[in-house]
Amino acid sequence: MLYSVNVKCMTERDGLVEAPRDAAPQETDDPYKGKWLTLSNTTLGMLMVVINQSIILIALPDIFRGIRLDPLTPGNSSYFLWLLMGFSVVTSVLVVSFGRLGDMFGRVRMYNLGFAVFSVFSILLALTWLHGTAGALWLIVMRVFQGVGGALLFANSSAILTDAFPPNQRGLALGVNQVAAIGGSFIGLVLGGVLGPIGWRYVFLVSVPFGIFGTIWAYFKLVERGVRTPSRIDWWGNITFAVGLVAVLVGITYGIEPYAGHSMGWTNPLVLAALGGGTALLVVFAYIETKVANPMFRLPLFRIRAFAAGNVASLLAALGRGGLMFILIIWLQGIWLPQHGYSFSQTPLWAGIFMLPLTLGFLIAGPVSGFLSDHFGARPFATGGMIAAAAGFALFELLPANFNYTWFALLLLLNGLAMGLFSSPNRAGIMNSLPPDQRGAGSGMTATFQNSAMVLSIGIFFTLIITGLAAELPATLYHGLRAQGVPAAAAGAVSHLPPTGALFAAFLGYNPMSHLLGPSLSHLSRAHAAYLTGRSFFPRLVSAPFMNGLREAFDFSVAACAVAAVASWLRGGKYHYVEGSEAVTSAVPGTLATVMNEERTPARRGASTAATARRERPRRPQVGRQRAGRKP
């Protein structure tokens, strides 16, 4: 939009400008016209992606039955893990690159492409005619490309919203967007449980109408407001980052699997090589980014305290809660629900329903905390949210394995409120700290930290739970089986199987004892076989070992959230990027020159909306320029 260039400097101290009273904009008084339409479209995009990210968790049993493959058969567990985690791995790797491409070629353009790609591969996921391993491989590949579309949407939605909204409304807008992201993950659990039994293809087709509608809507209605920064693609940075992060995340994925008689695969030479080699490549990547003229990963952004502290807090929060959600679902499916009359095949759907108080907490706290952070800054709400989350995880340790659901629901609600209190202000604080021409890259970096931490969190929590089970379950299982007439040889063989199989069976809604005993059940009396495969034997048998590992997982979550609270507090007071107040220059010509100015209000009281927009409109940073009398 064009405005009168006759502007007046208010003061050199605060860098504010004000349009004269007789000056009128040539087009409109509102430079943020259409912001609510932008919020609606980006919220639809986020909701669609996260629903599809979680819908598969509950629908996996129906999907594997549909392609006629048993995921618990030795050798097939990798298909289960890649269908479960492949989407997250891809989005973690690509969001930074796609955010940078959004800065270069237009964020709305990249976002529109994401809608289209996501919709196409959602259709292809449902159209497979293959069965067995071929069908599983088709689904994994299509799921990976669906993740490419998801990464395009993830990487650019926050930046588009930051461009579309004024500073004093960004917290509310990003809060609504974050609520869609978090709430959609639990809506996906319920949808997966409802649609899977009807037909597994509907699990993927449900998003297609919304994807097509969103693509057309975004193409015709979204307006590009961001600042494009023409530059060359950092090929070496992209390659080393992608290969390094993929290697680390693949190592974590296969580390969960049993290996050579061990309950987990952390001693597997291939896992160790992937983790070590991937880490080394990421170190090389960091070095490359300090030398190239147009880096993919804008390391100088970490000189902005609000950006650095917000990302550290976001990473730790994701690390503390990501894998724990899976463990809580296993707690419900493997122990609590069977003991309260639900068959194992029903537990996936009902686990999603019983987790809904967590979503309710997010829905309440997300928009409210975002709105309040616009007025009071992100620090008190984000820090308070992490303190409340740590307290909530500590209180979970007081629950017995067969708990009273009222207390469980209240703790879920508390944790939902805590995470909602943290997520919206924290994301708004991060995005407000970024220069306009770096919002795509910064948003992608934030999404990478969060998504990578979620995958790492799953590996950590599964490791803690399985380690606890491996220490006590074999002896407990052996004696329990022998008491029901299982021959010593069969009981010994079953008790020494890795506990991963039992956990995965419960997670997928299979009867764990039917899976473990198999043909041995035919040699038992009908009464013993019925009791072993009933709803009480496995939950009571596994409760004590499981709770030992679960308490260690809660301890880890408490520690991660406590450190996240400290990081969040260190972000400083209310902060918005303001061009021209104080320059912090990069040592590399052509890279970022940022502004570090902590202010209490985004605009001087009485300044016009147009003047505020002009003040925030980015100029080409002049590296090395510094106001006299100011220290960088």
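Treat the numbers as computed from the prediction; the structure is a model and nothing was measured. Computation of the quantities below employed the complete heavy-atom set of this structure, encompassing side-chain atoms and omitting hydrogens, waters and symmetry-equivalent molecules.
With no hydrogens or angles considered, a side-chain donor-acceptor pair links Asn311 and Thr446 at under 3.5 Å. Counting only N and O atoms by type, the side chains of Ser78 and Glu257 include no donor and acceptor under 3.5 Å apart.
No more than 12 heavy-atom neighbours from other residues, nucleotides or ligands sit within 6.0 angstrom of CZ on Arg68. For Phe121, the CZ atom is densely surrounded, since the number of other residues' heavy atoms within 6.0 Å is greater than 12. Around OH of Tyr342, the count of heavy atoms belonging to other residues, nucleotides or ligands within 6.0 Å exceeds 12. The environment of OH in Tyr219 is sparse: at most 12 heavy-atom neighbours from other residues, nucleotides or ligands sit within 6.0 Å. By the neighbour-count criterion of 12 heavy atoms within 6.0 Å, atom CZ of Phe80 is densely surrounded, having more than that number from other residues, nucleotides or ligands.
Residues Leu245 and Thr448 have side chains in contact (heavy-atom distance under 4.5 Å, counting atoms from C-beta outward). Two residues are said to be in side-chain contact when any heavy atoms from C-beta on lie closer than 4.5 Å; Asp62 and Leu195 fail this criterion. By the 4.5 Å heavy-atom criterion applied to side chains, Gln146 and Asn52 are counted as neighbours. Taking the side chain as every heavy atom from C-beta outward, Ile55 and Val206 approach each other to under 4.5 Å. Inter-residue side-chain proximity for Leu101 and Arg109 is flagged as unmet; no heavy-atom pair is nearer than 4.5 Å. Using a 4.5 Å cut-off on side-chain heavy atoms (C-beta onward), Arg535 and His340 make no contact. Here the side chains of Leu328 and Trp331 are in contact, with some heavy-atom distance below 4.5 Å. Inter-residue side-chain proximity for Phe64 and Leu83 is flagged as met; some heavy-atom pair is nearer than 4.5 Å.
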Please test Ile465 against Phe462 for side-chain contact (heavy atoms from CB on, under 4.5 Å), starting from the C-alpha separation and ending with a verdict.
-> CA-CA 5 Å; Ile465 294 296; Phe462 267 107; 5.7 Å; no
Give the C-alpha distance, both sets of side-chain angles, the deciding distance and a yes or no for side-chain contact (heavy atoms from CB on, under 4.5 Å) between Leu130 and Ile67.
-> CA-CA 7 Å; Leu130 301 171; Ile67 62 174; over 6 Å; no
Report the C-alpha distance between Phe98 and Met110 in whole Å, list the side-chain angles of each, state the deciding distance to 0.1 Å, and finish with yes or no for side-chain contact (heavy atoms from CB on, under 4.5 Å).
-> CA-CA 7 Å; Phe98 289 161; Met110 293 295 106; 5.7 Å; no
From CA spacing to verdict: side-chain contact (heavy atoms from CB on, under 4.5 Å), Phe396, Leu412 = CA-CA 9 Å; Phe396 264 118; Leu412 285 179; 4.0 Å; yes
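Looking at Ser369, its side chain never comes within 3.5 Å of a backbone N or O of Phe381 through a donor-acceptor pair. Side chain of Ser424 to main chain of Gly370: no donor-acceptor pair is present (N/O by atom type, distance under 3.5 Å, no hydrogens or angles). Side-chain atoms of Ser423 never come within 3.5 Å of backbone atoms of Gly420 as a donor-acceptor pair (strictly under, hydrogens ignored). Between the side chain of Thr347 and the backbone N or O of Phe344 there is at least one donor-acceptor pair closer than 3.5 Å. For the pair Asn426 (side chain) and Ala382 (backbone), a donor-acceptor distance under 3.5 Å is absent. Using modelled atom types, one side-chain atom of Trp138 and one backbone atom of Leu124 make a donor-acceptor pair closer than 3.5 Å. A donor-acceptor pair under 3.5 Å links the side-chain atoms of Thr91 to the main chain of Ser88, judged by distance alone.
The CG atom of Leu301 sits 7.5 Å away from the OG atom of Ser433 when rounded to the nearest 0.5 Å. To the nearest 0.5 Å, atom CG of residue Leu44 and atom CG of residue Leu39 are 11.0 Å apart. The distance from atom CZ of Phe115 to atom OG1 of Thr215, rounded to the nearest 0.5 Å, is 6.0 Å. Here the CZ atom belonging to Arg321 is positioned 5.5 Å from the CE atom belonging to Met454, to the nearest 0.5 angstrom. Rounded to the nearest 0.5 Å, atoms CG (Asp374) and CZ (Phe165) are 10.0 Å apart. Considering CG of Leu410 and CG of Asn415, their distance stands at 11.5 Å, rounded to 0.5 Å.
The heavy-atom pair separating Ile329 from Ala351 by the smallest distance is CG2-CB, 4.2 Å. Of all the heavy atoms in Phe461 and Leu319, the pair that sits closest is CE1-O, 3.4 Å. Thr42 approaches Tyr111 most closely through the heavy-atom pair CA-OH, 3.0 Å. Closest of all the heavy-atom pairs between Trp217 and Ser40 is CH2-CB, 3.5 Å. Nearest heavy-atom pair, Leu94 versus Ala151, reported as atom, atom and distance to 0.1 Å: CB-CB, 3.9 Å. Shortest non-hydrogen contact noted between Gln53 and Phe87 is CG-CD2, 3.7 Å.
Relative ring orientation between Phe204 and Trp200 is described as perpendicular, the plane-to-plane angle rising above 60° on a 0-90° scale split at 30° and 60°.
The side chain to side chain contact (heavy atoms under 4.5 Å, CB included) test with Met46 is passed by exactly one of Asn41, Leu153, Asn177: Asn177. The only member of Ser314, Ser158, Ser373 that meets side chain to side chain donor-acceptor pair (under 3.5 Å) when paired with Arg427 is Ser158. Val108 pairs in a side chain to side chain contact (heavy atoms under 4.5 Å, CB included) with only one of the listed residues (Thr38, Val223, Ile160), which is Ile160.
Note on Asp163 versus Arg107: salt bridge recorded, some NZ/NE/NH1/NH2 to OD/OE distance being below 4.0 Å.
You'll find the ring centres of Phe354 and Phe408 outside the 6.0 Å limit.
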